[in-house]
Amino acid sequence: MSTKKVTFTAVAVGIGLVAVSACGGSDSDSTKDGSKSVTLISHDSFNVSKDVLKDFEKRSGYKVTVLKDGDAGAAVNKAVLSKDNPQGDVFFGVDNTLLSRALDHGLFQSYEAKGSDRIKPEFRVDGGKHRVTPVDSGDICVNYDKKYFADKKLAPPKSFDDLLKPRYKNLLVTENAATSSPGLGFLLGTAAKYGDKGWESYWKKLDANGVKVVDGWEQAYNEEFSGSAGGKKAKGDRPLVVSYASSPPVEVLYGKPQPKQAPTGVATGTCFRQVEYAGLLSNARNPEGGKALLDFLASAKFQQDMPLNMFVNPVREGVELPELFTKHGVRVAAPQTMAPKKIADNREPWIKSWTSLVRK
């Protein structure tokens with residue numbers, strides 16, 4: 001999700017997936033080998049199997065370039081600022097916490113992707129205008145380092161309330177709600193739980209209990225969190241981190257040696273439901289290529305490929321989840337949710353208030 005979200009940079013490099021350009025705009029003209037080019041802008045967690053992408057390129061005739069542009073929150077902000085002269089044709093990774101910002105700024109043009117009728121109704125938004133296509137869903141939740149809590153003979157937290165207890169002082173790291181999608185999701189989760197007036201009091205207490213705030217998910221999970229492979233190497237000392245319910249399978253899949261059980265767990269009473277979308281950019285240089293790419297993101301083949309690459313849930317009906325994903329991931333029965341309009345009406349003032357409350 002979308003982790004987003006949730007795929008680790010080290011993992012992406014290790015699999016040797018899509019080539020990424022860090023600068024420059026979209027080149028929609030013919031490439032040297034005569035094929036056409038289409039550019040996807042996304043957050044750092046976008047990932048797809050090499051053979052799945054090559055199959056799309058072969059069938060469509062388009063060569064795909066992926067431009068990864070930081071955490072989801074930062075990537076959306078950059079896309080909005082550059083919407084008149086975008087760096088690509090399709091943007092993937094805007095989620096329900098930031099969707100209204102993208103739509104209000106005219107980031108996307110209408111296109112109904114092929115296969116949209118197979119997307120589960122609960123994920124469809126935008127009143128039939130089809131400016132965005134739902135791609136995946138996941139739950140933003142606090143993860144915990146099982147070994148730390150076993151060694152301390154301390155039960156891990158289960159809920160938002162638990163995180164305020166003195167026994168968990170100075171143990172949690174989260175992301176900046178102003179710059180990070182999971183950080184914002186966690187803030188919205190507390191607002192959904194405690195209400196418009198109660199969430200600020202909650203964060204004052206959480207701050208007093210030693211919560212640490214860093215810029216983005218990559219730093220929080222792979223540097224500060226003691227339970228992840230990256231965090232262990234970086235000597236991270238925080239056994240609690242805001243991540244995703246689907247993060248534990250990652251630690252299993254890429255563990256060396258591969259453990260029988262995930263070394264991390266999920267506090268299921270701290271979760272907020274996230275849905276990610278993709279859209280055809282309003283000033284895309286190659287709109288036809290962008291449409292083909294959106295069709296691909298909604299296709300059964302891409303949806304089946306996502307769980308063990310981006311560690312998110314498909315939104316297309318009839319897509320079977322891999323056993324490793326279901327065995328080690330956590331199904332959250334009752335995550336916190338919030339209506340898109342409420343997010344749109346309150347996101348900016350809440351972020352401003354949150355920024356004044358929490359030491360970073």
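The chain is numbered in sequence order, starting from 1. For the numbers below, each heavy atom of this structure counts, side chains included, while hydrogens, waters and symmetry mates do not.
Put simply, the side chain of D89 never gets that close to the backbone of G289: no donor and acceptor are under 3.5 Å apart. Within the 3.5 Å criterion, the main-chain N or O of N85 finds no donor-acceptor partner in the side chain of S82. Listed for the S247 side chain is no donor-acceptor partner under 3.5 Å among the backbone atoms of S243. Remark: the backbone N or O of L103 is not paired with any side-chain donor or acceptor of H105 at under 3.5 angstrom. In this structure, the side chain of S116 does not engage the main chain of E112 through any donor-acceptor pair within 3.5 Å.
Contact detail for R273 and T337: the closest heavy-atom pair is CB-CG2, 3.9 Å. Taking all atoms of both residues into account, the shortest heavy-atom contact from P248 to T264 is CA-OG1, 3.5 Å. The nearest pair of heavy atoms linking F123 to P134 is O-CG, 3.2 Å.
For R59, the CZ atom counts as densely surrounded, since its 6.0 Å shell holds more than 12 non-hydrogen atoms of other residues, nucleotides or ligands. Heavy-atom neighbours of K152 NZ from other residues, nucleotides or ligands within 6.0 Å: at or below the threshold of 12. Applying the 6.0 Å contact sphere to CD of E320 captures no more than 12 heavy atoms from other residues, nucleotides or ligands. More than 12 heavy-atom neighbours from other residues, nucleotides or ligands sit within 6.0 angstrom of CD on E122. The number of heavy atoms from other shown groups lying within 6.0 Å of NZ (K158) does not exceed 12.
Relative orientation of the F160 and F186 rings is tilted, given thresholds of 30° and 60° on the angle between their planes.
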Quiz item: D305 and S49: side-chain hydrogen bond (donor to acceptor under 3.5 Å, both in side chains), yes or no, with the steps?
Solution: CA-CA 7 Å; D305 188 62; S49 295; 2.6 Å; yes
Exercise. Before giving the answer on side-chain hydrogen bond (donor to acceptor under 3.5 Å, both in side chains), spell out for S180 and W217 the whole-Å C-alpha distance, their side-chain angles and the decisive distance to 0.1 Å.
Key: CA-CA 7 Å; S180 166; W217 177 89; over 6 Å; no
Self-check item: Evaluation steps, side-chain hydrogen bond (donor to acceptor under 3.5 Å, both in side chains), between Q219 and D215
Solution: CA-CA 7 Å; Q219 182 182 356; D215 287 340; over 6 Å; no
Exercise. Give the intermediate values and the outcome of side chain to side chain contact (heavy atoms under 4.5 Å, CB included) for residues R238 and N170.
Key: CA-CA 8 Å; R238 294 267 164 163; N170 298 326; 4.2 Å; yes
Exercise. Using the salt bridge (charged side-chain N to carboxylate O under 4.0 Å, His left out) rule, take D51 and K54 through it: C-alpha gap first, then chi angles, then the decisive distance, then the call.
Key: CA-CA 5 Å; D51 61 335; K54 284 190 175 297; over 6 Å; no
Quiz item: Stepwise, does the side-chain hydrogen bond (donor to acceptor under 3.5 Å, both in side chains) test hold for S100 with R347?
Solution: CA-CA 10 Å; S100 64; R347 182 184 57 241; 2.9 Å; yes
Self-check item: Criterion side chain to side chain contact (heavy atoms under 4.5 Å, CB included) on L280 and L294, from CA distance to verdict
Solution: CA-CA 8 Å; L280 179 64; L294 282 171; 3.8 Å; yes
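Between D196 and K342 there is a side-chain heavy-atom pair separated by less than 4.5 Å. Between E57 and V64 the shortest side-chain heavy-atom distance falls below 4.5 Å. Using a 4.5 Å cut-off on side-chain heavy atoms (C-beta onward), F149 and P239 make contact. Considering only heavy atoms from C-beta on, H43 stays 4.5 Å or farther from D69 through its side chain. For the pair D295/Y111, a side-chain contact is recorded, criterion being any heavy-atom separation below 4.5 Å from C-beta on. Side-chain contact between K83 and S282 is absent, with no heavy atoms from C-beta onward closer than 4.5 Å. In this structure, L253 and F325 have side chains that are not in contact, with every pair of non-hydrogen atoms separated by 4.5 Å or more. Within the 4.5 Å cutoff, side-chain heavy atoms of V135 are placed close to those of F92.
Hydrophobic clustering (side-chain heavy atoms under 4.5 Å, transitive across Ile, Leu, Val, Met, Phe, Trp, Tyr) keeps F296 apart from V319. By the rule that hydrophobic residues join a cluster once side-chain heavy atoms approach within less than 4.5 Å of another member, Y168 and V266 end up as members of separate clusters. Cluster membership check: V330 does not share its hydrophobic cluster with V241, using side-chain heavy-atom separations under 4.5 Å among Ile, Leu, Val, Met, Phe, Trp and Tyr. Side-chain heavy atoms closer than 4.5 Å link hydrophobic residues (I, L, V, M, F, W, Y) into clusters, and following such links, possibly through other members, connects L357 to V242.
No option in W203, W354, Y202 other than W203 meets the side chain to side chain donor-acceptor pair (under 3.5 Å) test with T190. Screening T270, L171, D145 for a side-chain contact (heavy atoms from CB on, under 4.5 Å) with L240, the sole residue that qualifies is L171.
To the nearest 0.5 Å, atom OG1 of residue T65 and atom CD1 of residue I41 are 11.0 Å apart. Summarising the geometry, atom CE belonging to M306 is positioned 10.0 Å from atom CD belonging to Q304; distances are rounded to the nearest 0.5 Å. Atom OH of Y144 is separated from atom NZ of K146 by 6.0 Å, given to the nearest 0.5 angstrom. With rounding to the nearest 0.5 Å, the separation of CG in D139 from SG in C271 is 5.5 Å. Separating the CG atom in L172 from the CD atom in E224 is a distance of 11.0 Å, to the nearest 0.5 Å. Between S110 atom OG and R131 atom CZ the span is 6.5 Å, to the nearest 0.5 Å.
In summary, the side chains of Q274 and T97 do not present any donor paired with an acceptor at a separation below 3.5 Å, with no hydrogens or angles considered. Neither side chain, D136 nor Y277, offers a donor N or O lying under 3.5 Å from an acceptor on the other.
In this structure, R101 pairs ionically with E348, as a charged nitrogen and a carboxylate oxygen lie closer than 4.0 Å. Using a cut-off of 4.0 Å between Lys/Arg side-chain N and Asp/Glu carboxylate O, D151 and K147 are scored as salt-bridged. Of the charged side-chain nitrogens involved, at least one lies within less than 4.0 Å of a carboxylate oxygen, so that D55 and K301 count as a salt-bridged pair.
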